[in-house]
Amino acid sequence: MRVGIAHKFIFGFILIIAAVVGTEFLVSMIDFPEWAKGVVPTLAAVIVGLSLGYLYSNRLSKNVAHLLKATESMAEGDLTHKIEISERSVTDEFDDLGYAINRMRGSLHGVISQIFTAANELAVSTETLSASTQEMKVSGEQIRSSMEDVAKGVGHQKESVNEVAILIHSLGAGLETINAACQEAAVRAREAMRKSEEGGQTARRTFEDLEDAVAQLEGGVRAFVAFSESIQEIHRFAEIISNISRQTNLLALNAAIEATKAGEEGKGFAVVADEIRRLADNSERSAEQISAMLGKLGEENRRVRGMVETSVARVTEGRRKLKDAEESLREINAIVDKNADGMSRIPSLVESQVKSSRDVERLVMRIGEVAEANAAAAFEVTATVQHQTAAMHEIAGGAVKISNVAEDLHRRVVRFRLGETV
Amino acid sequence: MKGQGRDYDACLLLDVAGHTFGFDLGAVKAVMPYHEPTPVPFQDRAVFGGLLYRGVFMGVAGFGRLVGMDCRTDTEKAVIAVIETGGCLLGLVADSSRGVVRNMSGLEEVRVLGKVEGPLVKMAVKAGTVTVNVVDTDALTDAFADILESAR
């Protein structure tokens, strides 16, 4: 049952009044002196009043002390102990206050526990944040460095692209020159083919002429051989005549000797013998001259024959070479024909190469533009990374501050004793 | 000119080493083409060997070598002149025969002999454009006999 403090005071007052009234009745019933009749009710009222006062004040004092102890403990941060509230049949405001303080402690315990947990989590998070921002700072520096490298690389790439564009432009110009040269070469190749065919025909005609020449020269060689044999035959006859002349000479000489030895009778014969000897001499000289002439003729014949044979050999060799040359001309003709065919196809190929080189040049120019844009983007990224790095610095500073706050909070919260629940 | 007791006043002309030599026709038996004589060992280099002439063995000598010259036998004009002196036949090898010269006594004598000098040449005469060294056939026979004697 709930009885409030005010009711308790009212009840005490009623008790005092009742004590006064009861005492007055008792006094009236009992024969007391007159002076006592006025003092006894007062004493009864005082005693009841003091007893009730003592009882109430003691009770209030104990309850207040109990609550004060609990609140002081809480004020000191000890949230582990609840206020012990005895189960009584009659409750008052102190019980309500104890329950309220207990509820407050519970709430405060929960809040402090949450703050503690949150502070711990915040400390961990701020440490993580600090580490992350540090890493991000480092990463940002690396990204900035990399982006600067990228910017430099893109700058080089742009220069290279420009050089490639110039080279490809030169290549296109070179290809156009090659195209013109190929067209001219194709014309010349056709001309060469025509001249090669003419050369082949001339070589064939020359070959036929050489065939005739070789046949005639071979006939000449045979004639020279026959002539040489005839000269040899004549030479043999001349030798025979010369031999006969020598013998006749000696015979005439011996006849002249004998005629001379015969004296006057032999004079006529001696003259004849001398004439015969002279004739023999002449014959021998003539035979010798003939032999000498035949020798010269034979030598000349051998020389001419040798020349003709050399000519035949050379003409035969020339004929063979001409045959080779004709064959070579035929092969050259085929090659020139093939080359001319290939040359005629080259201009279209070169034209397509020129077109391709122009496309490549355009693409390279576009690559150059992209490289330029990339360079600008790289610079922007670098600037952004620098901004991010600065922001990271600020975040790191903030994280440090939060960490300090978390530590302070933790320091403040940790003085609360929360028991095993935290 | 005298030779073997018969005066023919004629000479046989033989050419040796570019010189012309005259042999008294009285001593000349015949002129024949050169034939390789049969060699005779251990003789002077002037002696070529021996040959049969009409059944008679005769010695053959190179006339050029006898007068201190060389003689060629490798031509078809080379001849052997058969000389008879002192009853002996002697074959003289010469490069060629030039013929017979008559009326030798009418020829002009050359006072200064050419390069050919020696005991075998007794005089030199001018026959046309040719200088003929007239050979002393007796001295020739003696010289040949001396050569044969020295080889014996």
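Proteins come first, then strands; the chains are lettered A, B, ... in the order of their sequence lines, and each starts at number 1.
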Open item on the list: Tell me if a side-chain donor or acceptor on B:Lys77 pairs with a main-chain N or O of A:Arg246 at a distance below 3.5 Å.
Closed with: no
Task: Side-chain donor or acceptor of A:Asn254 paired with backbone N/O of B:Val31 under 3.5 Å - done: yes
- [ ] Assess whether atom CZ of A:Arg285 is packed by more than 12 heavy atoms of other residues, nucleotides or ligands within 6.0 Å.
- [x] yes
Open item on the list: Return the NZ to CD distance between B:Lys29 and A:Glu258, rounded to the nearest 0.5 Å.
Closed with: 7.5 Å
Open item on the list: Under 4.5 Å from any heavy atom of chain B, what part of A:Asp281 do you find: side chain, backbone, both or neither?
Closed with: neither
Open item on the list: Would you say that more than 12 heavy atoms from the other residues, nucleotides or ligands in this model lie under 6.0 Å from the CD of A:Gln232, or not?
Closed with: yes
Task: Approximate separation, where rounding is to 0.5 Å, of A:Ile257 CD1 and B:Cys11 SG - done: 11.0 Å
Open item on the list: Working note: A:Asn243 + B:Glu76, criterion side-chain contact (heavy atoms from CB on, under 4.5 Å); need CA distance, chi angles, decisive distance, verdict.
Closed with: CA-CA 8 Å; A:Asn243 197 20; B:Glu76 292 173 344; 5.9 Å; no
TODO: Kindly give the heavy-atom pair with the smallest separation between A:Leu250 and B:Ser97, and that separation in Å.
DONE: CD2-OG, 4.1 Å
Task: Greater than 12 external heavy atoms within 6.0 Å of A:Arg204's CZ - done: yes
Open item on the list: What part of A:Ala252 gets within 4.5 angstrom of chain B, counting heavy atoms only: side chain, backbone, both, or neither?
Closed with: neither
Task: chain B contact via A:Glu284 - which portion, at a heavy-atom distance below 4.5 Å - done: side chain
TODO: Would you mind reporting whether A:Leu253 and B:Val79 have side-chain heavy atoms less than 4.5 Å apart?
DONE: no
- [ ] Would you indicate whether A:Phe269, at its atom CZ, is surrounded by more than 12 heavy atoms from other residues, nucleotides or ligands within a distance under 6.0 Å?
- [x] no
Open item on the list: Atom CZ of residue position A:Arg194 - does it have more than 12 heavy atoms of other residues, nucleotides or ligands inside 6.0 Å?
Closed with: yes
- [ ] Go through the atoms of A:Glu288 and report whether side chain, backbone, both or neither lie under 4.5 Å from a heavy atom of chain B.
- [x] side chain
